[in-house]
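Have a look at the structure below, then the notes.
Numbers restart at 1 for each chain; the letters A, B, ... are given by sequence-line order, proteins then strands.
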Amino acid sequence: MPQYQAPRGMRDLLPAEATAFARLEAVIAARAARYGYLPIESPTVEDREVFARTAGEASDAAGKEMYDVSLHGEGGLALRPEATAAVTRVYLQHGMHRAPQPVRLYCAERMYRGQRPQLLRYREFRQWDLECFGAPEAAADIEIIAFTSGLLAELGLVDVRLKVNTIGDEASRPRVKEALTAYFAKYESELDAACRERLRTSVLRIFDCKVEHDREIAAGAPKVRDLLGEEDTAHFASVLEGIERLGIAYEVDDTLVRGFDYYTRTVFEHILTDPAFARAGEIAVAGGGRYDGLVRTMGGPQIPGTGVAGGLDVLYEALKQQGVDLGGAPAADVYVLSGDPADAADRLQLAEPLRDAGFNVAIDYSTRPLDRQLESAVKHGARVAVIRGTEEARGGNVIVRDLTKKEQRVTRLAAAVTEVGRHVARRPRPTLAAPGGEG
RNA sequence: GAGGCCGUGGUGUAAUGGCAACACUGCGGGUUGUGGACCCGCCUUUAGCAGUUCGAGUCUGCUCGGCCUCCCCA
């Protein structure tokens, strides 16, 4: 065991995984852009209250699981456990509620929860997130769901199912709570400790309980949907109709409620169905819903919102489990070698035009014998070796050797780029200019 | 946070309480000298700290870490 290791529940992404995650994020970001969602980034650290006030007292993520941050003994800050409240803070702080609505925002950041680590559950994990502010219409919910289902399909994830439910708006909430509290109170002595606590703090979450007897009790509870007002019902009907029109498979789950108290009306989750992940609970690869009271809760005006967040770590594992090719770290295309132990500067100089031409070029810095250098180049995954400092490669010549075909050719130094190009493709180079006009 | 299982070089494995072994990888050296070969050597060792014992990788306790269940959720 090494002396130092990554903190509990946090992990390092090595080149192959780091590359795969970057590609995954790029696919999601591009899709978000296609849906008109603009990227933002926000600090890893926020005022503790941003989460504590919005998530609800029954939420562990924004309660006992929060990572408190202190500076010189002063507290009040926390590592963000979820995205929505943080993005809402950004929205309000920068006066985006006075920009043309709706405001559609996308981000992909790391989240932190001080939970006990398990498979696919880390203390530091990555989430992609879409938030749409200022759109009360069911169409916004539908689009968010469509985005997510489409994303998973685009990536090749098929072992997944969509659950949808409505929990009503804030006007219905007192009626819902009253009815459910009255029902569950009759069984209070039979409920387990956690649910007795929820009876006081967050009745709806009793539906989340996994204790068998509690589930039986919950099965007899009044359906939330039957307690809602006309507008809630109409909204939900529109959502369902919309998803159907788009050909998205779904199921209504009467007991689906989410872990944060700010949700209103629409809630949904995309659940993994592969047996490898089908444990006692269900693992959600994405989930979200509407939060029409959140902006006001945070001190802003009454502005509705709807959004979705998904775990990148979960997504990555699910795709891998399903055999989707996630690629690996791009190895160097070209390795520069030399038989001359004293030509370090020449090797460096030789690599530059190749790099400018778009090849990934690594250099063997050593003075090892040439065969060792070749062996090393192969083990580093290079496809082509460019060799100088030998008998053949003299007077402005270099050898370009295809390491796969084991064929080589002596060429003028000036023609090296062209010759290498016959064996490996140039890689596209990112630029600063926004493609397709202003971004 | 609660309960359970587990932890041997970089990786994968072995070792009735009695000399920690093997394979692969990596590094150094050699043979060869434009490659995946062969030979020699090295990688400071049983996650850490205590304890029981003549003697601990093996037994006990604590700590750290991983996995599973509860909890919670991505």
Identify all stems in which RNA chain B takes part, counting only runs of at least 3 consecutive pairs (Watson-Crick or G-U wobble, each distance under 3.5 Å), and give each as one range with another, ordered by first number. B:1-7 with B:64-70, B:10-13 with B:21-24, B:26-31 with B:37-42, B:47-51 with B:59-63
Let me confirm one number: the CZ-CG distance from A:F207 to A:D253, rounded to the nearest 0.5 Å. 10.0 Å
Output the rounded distance in Å from CG (A:L120) to C1' (B:C67). 12 Å
Closest heavy-atom pair, A:T367 versus A:Q373, reported as atoms and distance to 0.1 Å, is C-NE2, 4.4 Å
Member of A:V334, A:L350, A:L348 meeting the side chain to side chain contact (heavy atoms under 4.5 Å, CB included) criterion with A:I363: A:L348
Spell out protein contact along nucleotides 32-38 of chain B as letters: B when the base is contacted, S when just the sugar-phosphate is, - when no protein heavy atom is under 4.0 Å; keep the 5' to 3' order. BBBBBBB
Can you measure A:D192 atom CG to B:U69 atom P for me and round it to whole angstrom units? 18 Å
Figure out the CD/P separation between A:Q115 and B:G65, and round it to whole Å. 14 Å
If we take the P atom in both B:U8 and B:A14, what is their distance in whole Å? 11 Å
Within the structure provided, determine whether A:V384 and A:Y335 are in side-chain contact (heavy-atom separation under 4.5 Å). no
Does any residue of residues 345-352 of chain A have a heavy atom under 4.0 Å from RNA chain B, and if so, which ones, in number order? none
Do A:R121 and B:A74 have a side chain to base donor-acceptor pair shorter than 3.5 Å? no
A:Y262 has an atom OH; how far is it from atom P of B:C73, in whole Å? 10 Å
Results of side-chain contact (heavy atoms from CB on, under 4.5 Å) for A:K406 - residues two or more places apart only: A:R401
Qualifying residue, where the test is ring pair (Phe, Tyr, Trp, His ring centres under 6.0 Å) with A:Y316 and the options are A:F125, A:Y122, A:W128, A:F21: A:F21
Under 4.0 Å between a side-chain N/O of A:Q118 and OP1 or OP2 of B:G66, yes or no? no
Nearest whole angstrom, please: distance from the P of B:A74 to the CG of A:L79. 17 Å
A:L119 side-chain proximity, nearest of B:C71, B:C67, B:C73: B:C67
Give me the one residue out of A:D141, A:T264, A:T166 that meets side-chain hydrogen bond (donor to acceptor under 3.5 Å, both in side chains) with A:R290. A:D141
Sorted by number, residues from residues 311-319 of chain A placing a heavy atom under 4.0 Å from RNA chain B are A:G311, A:V314
How many whole angstroms separate atom CG of A:D12 from atom P of B:G65? 14 Å
Identify whether any heavy atom of A:G9 sits under 4.0 Å from a base atom; if not, whether one sits that close to sugar-phosphate; answer base, sugar-phosphate or nothing. sugar-phosphate
With a 4.0 Å limit, can you tell me whether A:R258 has a side-chain N or O closer than that to the phosphate oxygens OP1/OP2 of B:C73? no
So what does A:R126 touch, heavy atoms closer than 4.0 Å: a base, only the sugar-phosphate, or nothing? nothing
Which part of the nucleic acid does A:Y112 contact within heavy-atom distance under 4.0 Å: base, sugar-phosphate only, or nothing? nothing
Interatomic distance where CG belongs to A:D129 and P belongs to B:C73 [whole Å]: 17 Å
Within 45 degrees of the axis of the six-membered ring of A:Y250 and under 6.0 Å from its centre: does A:R161 put its NZ or CZ there? no
For A:Y262, what residues pass the ring pair (Phe, Tyr, Trp, His ring centres under 6.0 Å) criterion, not counting sequence neighbours? A:F260
Tell me the interatomic distance from A:Y122, atom OH, to B:A74, atom P, rounded to whole angstroms. 16 Å
Are A:R116 and B:C67 close enough that a side-chain N or O sits under 4.0 Å from OP1 or OP2? no
